Amino acid sequence: MTDDREATSDETLCRRIAARDDAAFDLLVARYQARAYRLAWSLLRNAEDARDVSQDAFIRVWEAAERFRGDARFSTWFYRILVNTCLDHKRRGRWWTLRVARDTDRESDESLVERQPAPGPDPGDQASEAQTMTRLWNAVHRLSAQQRAAVILYAQEHLSTAEIADVLKVAEPTVRVHLHRAVAALRKELAP
Amino acid sequence: MTVERPDDLTAAERELLERAVGASPPPPEPRWGEYRAQLRSRLEARGSMGTRLRRWWARPAPIALSLGLATALLLFTLHPVERRPDFASLDEAMLGARLDLLENYHVVERLDLLENFEVIRRLDDVASREG
């Protein structure tokens with residue numbers, strides 16, 4: 001049982017990928033595809049970009065598997081590749097993304113509220129909750145790219161601050177500062 | 001169950017972050033079969049491009065071309081091409097070197113004269129040709 005688990009652990013699969021094992025690559029992709037796509041989508045806020053960038057990250061894993069030393073968990077190494085690919089993508093198309101994001105923000109302000117289920121007994125409360133959620137979501141997206149990555153890795157992927165520091169290649173106190181600033185921004189957003 | 005996380009955040013702050021991240025609308029779910037097929041084809045395209053590039057570089061012509069370019073670059077770095085001469089200053093320098101000819105200007109004038117004589121001498125030939 002333990003041997004089976006060991007044989008299909010992420011780290012073992014990565015070593016097999018380094019030896020150009022297609023089956024190991026397919027298994028690892030199937031294991032991480034949803035997480036990779038969701039994380040990329042949270043950072044890029046665009047389904048097509050999230051699909052392309054998460055695939056780019058898997059391609060990088062295939063190409064760089066032999067450089068995985070195994071001194072960190074595979075997931076941390078993979079998240080680092082993925083987040084860097086997302087940040088590179090954002091940097092490359094910054095002005096264009098900013099322009100589109102402004103339009104998307106305007107759309108999402110409406111669409112999030114519109115996407116809520118049909119009003120139940122207290123429509124006022126539900127609309128207000130939906131608006132709060134929209135404000136929170138937009139507040140997350142007004143954070144700097146690195147702060148947002150820290151918040152998403154922390155609250156969505158449940159990584160520790162040490163792991164986030166490893167992914168973002170920054171000091172752990174920097175991650176804590178990112179999280180505290182994010183909390184402050186969200187509180188400000190929620191303040192009446 | 002609350003997992004202890006050494007990050008200086010209070011439970012309320014953690015909850016706020018989770019709520020904010022959870023506030024995102026769910027991303028449109030891709031068809032995973034298509035996703036993997038597309039990934040596989042991108043990987044194969046990349047692999048074949050890499051192989052093609054490696055093959056191209058393995059041919060003698062590209063190697064010779066690269067060596068030639070590298071040599072040219074090296075030569076250019078070691079012996080940069082001299083600046084094109086300034087033609088005005090070159091002309092002045094040449095005139096300056098020939099100032100002594102002005103002392104013999106009268107000879108030049110006579111050369112012209114002699115040339116005229118030559119023409120005059122050949123006038124008969126020209127007339128005879130015209131008949």
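Here the structure is a predicted model, which is why all the values come from computation and not from measurement. Every chain is numbered from 1 and lettered A, B, ... according to where its sequence line falls, protein lines coming before strand lines.
- Just one of A/Ile17, A/Leu13, A/Thr12 meets the side chain to side chain contact (heavy atoms under 4.5 Å, CB included) condition when paired with A/Arg15; it is A/Thr12.
- Of the two parts of A/Val140, only the side chain, counted from C-beta on, holds a non-hydrogen atom closer than 4.5 Å to a non-hydrogen atom of chain B.
- Residue contact with chain B, scored on non-hydrogen atoms closer than 4.5 Å, involves the side chain of A/Thr132 exclusively.
- Proximity to chain B involves both the backbone and the side chain of A/Val183, based on heavy atoms less than 4.5 angstrom apart.
- In terms of modelled atom types and a separation under 3.5 Å, the side chain of A/Glu11 and the main chain of A/Phe74 share a donor-acceptor contact.
- Considering only heavy-atom pairs separated by less than 4.5 Å from chain B, the leading option among A/Gln156, A/Arg51, A/Arg187 is A/Arg51.
- What you find for A/Phe58 and B/Leu39 is that their closest heavy atoms are CB-CD2, 3.8 Å.
- Under the 6.0 Å distance and 45° angle rule, A/Arg20 counts as a cation-pi partner of A/Trp62.
- The environment of CD in A/Glu63 is crowded: more than 12 heavy-atom neighbours from other residues, nucleotides or ligands sit within 6.0 Å.
- There is no contact between A/Ala139 and chain B, counting heavy-atom distances below 4.5 Å.
- Counting heavy-atom pairs under 4.5 Å between each of B/Arg19, B/Glu29, B/Glu13, B/Arg42 and chain A puts B/Arg42 at the top.
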